[in-house]
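For reference, the structure discussed in these notes is given below.
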Amino acid sequence: MEKTFSISRYPDVKAVTSQLDRLIDQPIYSIRPDALKKYEEDYFEAKCAKSKEMIDVAKEIIPGGVQHNLAFNYPFPLVFTKAEGAYLYDADGNRYYDFLQAGGPTVLGSNPPEVRRKVIELLNDCGPSTGLFHEYEYKLGKKIADSIDSVEMFRMLGSGTEACMAAIRVARLATKKKKIIKMGGAYHGWSDQLAYGIRIPGSKWTQAQGVPRYIFKHTQEFFPNDLEDLERKLRFNQLRGGTAAVLIEPVGPESGTRPVDPDFNKGVEQLCRKYGALLIFDEVVTAFRIGMSGAQGYYGVSPDLTVFGKVVAGGYPGAGGLGGKKEYMKYLSAGIEAGSKHKKALIGGTMAANPLSCVAGYYTLCEIERTNAIPRSGRMADRLTEGLQALISKYKLPFVAFNQGSICHLETVGTMHFSINWSKPWQIPKVLSETSKRKREMEHMGAAYMAEGIVTLAGSRLYTSGAYTEEMIDDVLVRFDRIFSHVALLEG
């Protein structure tokens, strides 16, 4: 397995879950206030002046000062001007190890020259978009279909959010049913109907500000890793028109923040077959990161539809798509078809499948395969996780570090391990208050990481790439050692 996939050994899900349960029951350990103040003064104020100046100006034009949720950083966002391999550089010339990886897609590392050359060739000949067919639409689709058994056909879209929207429209057309069951806490983009049960299992509509509650009439959630809960929902729906689809992240919600048992995905597949629901895998993060055959190849599951994003454009814009079996993908046929015998899902996007995205995606996938970037990134993640676990033990901290291949988790406060139990409504205010308080400390830890030259995703997730070396990972661990030496139990 380790030669093909980035996961060389599966995490002990029961042990990790038990550790996370203990973490959220304990008081908060975080960067000491005096150490945080020193980082603010000695690093952010002294060495990031150009970033601070630019963000202050940007706030006048851009709400909050940044365009992307992941770009926020305490005490202020930094301005990055260069990405190369495993490194990022900011406007002041400071260098960082990149574990954000643009949210996950850069499995090769940032801005690989082999892909960049092909993109420049295309721009010289064709330009980024014509609105008409280009050969790389076919080449990219064929590469994905050749790599992933369940993908017989592929339709390129503009983002993972769009692909999730398309998937539920296809499922409803194919099954003539309405209800969608998603994994609680999972993120499937920000469309109205799927902005349900995100971040925290059981949160239902509470995180979906701006979306009328009636929109969720046909959207449900089940508790992650709980096949009995899923079957209860499927059985309930069977008496009320049935379930169109079950939509999951195969490694668990939020890229495996709450990990699932190794046989969980097969269990979901069996339940979908039993109750006549389509199985939709959201592989926005896991496709071509866990393996060339996706997480579904690792788990040995054959979903009906697969959602793609991020890596299918190699970190370039326009990264999204839906793949699946022909009997379902026929509902995505494009163009004006005379005499079509089936209804077509309403799907569009002027910039979808633009030549730039397709050529970048095609050569990225080819390079990932040629260079064995997937297993290499997994080995680097194993080394990072083992080192973090050793440091946690050294400083006797309640933190939890684990990884699913090249997706690493470093939970210092366990914000996303909380859940909401609507049968005990008196507990909800405490859960919301606790998660808000812990989220603030995630930001403080994230600031310490950044000041030590480590860029993470929200201070709790780290993606590795094929650009990392053992020496780099060892240097990163030295930096984490410094950070953890400044961690203490917070008072109050």
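This is a predicted model, so every value here is computed, not measured.
At distances below 3.5 Å, at least one donor-acceptor pair connects side-chain atoms of Q404 with backbone N or O atoms of G256. E152 places no side-chain N or O within donor-acceptor distance of the main-chain N or O of D149, the cut-off being under 3.5 Å. With R169 contributing its side chain and A345 its backbone, the two residues share no donor-acceptor pair below 3.5 Å. With hydrogens and angles ignored, the 3.5 Å screen pairs no side-chain donor or acceptor of K274 with any backbone N or O of E231. Judged by distance alone, with hydrogens and angles left aside, the side-chain atoms of S159 form a donor-acceptor pair with the main-chain N or O of E162 at under 3.5 Å. Looking at S333, its side chain does come within 3.5 Å of a backbone N or O of K330 through a donor-acceptor pair. Between the side chain of K266 and the backbone N or O of G300 there is at least one donor-acceptor pair closer than 3.5 Å. For the pair S51 (side chain) and V79 (backbone), a donor-acceptor distance under 3.5 Å is present. Judged purely by atom type and a 3.5 angstrom limit, T106 has no side-chain atom pairing as donor or acceptor with the backbone of G315. With E283 contributing its side chain and A295 its backbone, the two residues share a donor-acceptor pair below 3.5 Å.
Taking 4.0 Å as the cut-off between side-chain N and carboxylate O, E441 and K437 do not count as a salt-bridged pair. Between D229 and R232 there is a salt bridge, since at least one side-chain N of the basic residue sits less than 4.0 Å from a carboxylate O of the acidic one.
Closest non-hydrogen pair, V312 versus G320, comes out as CG2-N, 3.8 Å. The minimum heavy-atom distance between R240 and K179, with the atom names listed, is O-CE, 4.0 Å. The two residues V307 and A167 make their nearest non-hydrogen contact at CG2-CB, 4.1 Å. Taking all atoms of both residues into account, the shortest heavy-atom contact from I215 to D192 is CG2-CB, 3.7 Å. Across all non-hydrogen atoms, the minimal contact from F5 to G291 is CD2-CA, 3.7 Å. When all heavy atoms of A467 and A86 are compared, the pair lying nearest together is CB-N, 3.7 Å.
Side chains of Y96 and L78 form a contact here, defined as non-hydrogen atoms less than 4.5 Å apart. Side-chain contact between F484 and F399 is present, with heavy atoms from C-beta onward closer than 4.5 Å. Side-chain atoms of L271 and V246, non-hydrogen and from C-beta on, never get closer than 4.5 Å to each other. In this structure, F223 and R258 have side chains that are in contact, with non-hydrogen atoms separated by less than 4.5 Å. Considering only heavy atoms from C-beta on, S110 comes within 4.5 Å of D98 through its side chain. In this structure the side chain of M445 reaches within 4.5 angstrom of the side chain of I483, judged on heavy atoms. No side-chain heavy atom of N73 sits under 4.5 Å from any side-chain heavy atom of V66. Counting heavy atoms from C-beta on, the side chains of T206 and I200 never come closer than 4.5 Å.
Considering CD of E254 and OG1 of T415, their distance stands at 11.5 Å, rounded to 0.5 Å. Atoms OG1 and CD1, from T4 and I290 in turn, are 13.0 Å apart once rounded to the nearest 0.5 Å. With rounding to the nearest 0.5 Å, the separation of CG in D261 from OG1 in T17 is 7.5 Å. Separation of atoms CG (L365) and CZ (F288) is listed at 5.0 Å; rounding is to 0.5 Å. To the nearest 0.5 Å, atoms OG (S302) and CG (L279) are separated by 8.5 Å. Rounding to the nearest 0.5 angstrom, the gap separating the OH atom in Y29 from the CG atom in L23 is 11.0 Å.
Ring pair F308/F154: centre-to-centre distance below 6.0 Å. Remark: aromatic rings of Y97 and Y87 are close, center separation under 6.0 Å. Between Y74 and Y39, the gap from one ring centroid to the other reaches at least 6.0 Å.
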With side chain to side chain contact (heavy atoms under 4.5 Å, CB included) as the test, would you mind laying out the steps for D282 and K182 before giving the verdict?
-> CA-CA 10 Å; D282 183 338; K182 67 176 290 289; over 6 Å; no

Under the side chain to side chain contact (heavy atoms under 4.5 Å, CB included) rule, what do V268 and L227 come out as? Steps first, then yes or no, please.
-> CA-CA 7 Å; V268 175; L227 292 173; 3.7 Å; yes

V455 vs M450, side chain to side chain contact (heavy atoms under 4.5 Å, CB included): CA-CA, chis, key distance, verdict = CA-CA 5 Å; V455 179; M450 191 76 85; 3.6 Å; yes

Where do E411 and T257 land on the side chain to side chain contact (heavy atoms under 4.5 Å, CB included) test, with the steps shown first?
-> CA-CA 9 Å; E411 293 292 335; T257 298; 3.4 Å; yes

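Within a 6.0 Å sphere centred on CZ of R199, heavy atoms belonging to other residues, nucleotides or ligands number 12 at most. Enclosure of atom CD1 in I61 is not indicated, since only 12 or fewer non-hydrogen atoms of other residues, nucleotides or ligands lie within 6.0 angstrom. Crowding of W205 atom CH2: a count of heavy atoms from other residues, nucleotides or ligands under 6.0 Å exceeding 12. Other residues, nucleotides and ligands place no more than 12 heavy atoms under 6.0 Å from the NZ atom of K439.
There is no side-chain donor-acceptor pair under 3.5 Å between T243 and K233. A donor-acceptor pair shorter than 3.5 Å can be found between the side chains of R289 and S406. Between the side chains of H188 and E249, no donor N or O sits under 3.5 Å from an acceptor N or O.
Note on ring orientation: taking the six-membered ring where Trp is involved, the planes of F216 and Y196 are tilted (angle from 30° to 60°). Ring pair Y299/Y10 is perpendicular by interplanar angle, where above 60° counts as perpendicular and below 30° as parallel. Under the 30°/60° scheme for interplanar angles, the aromatic rings of F76 and F44 are found to stand perpendicular.
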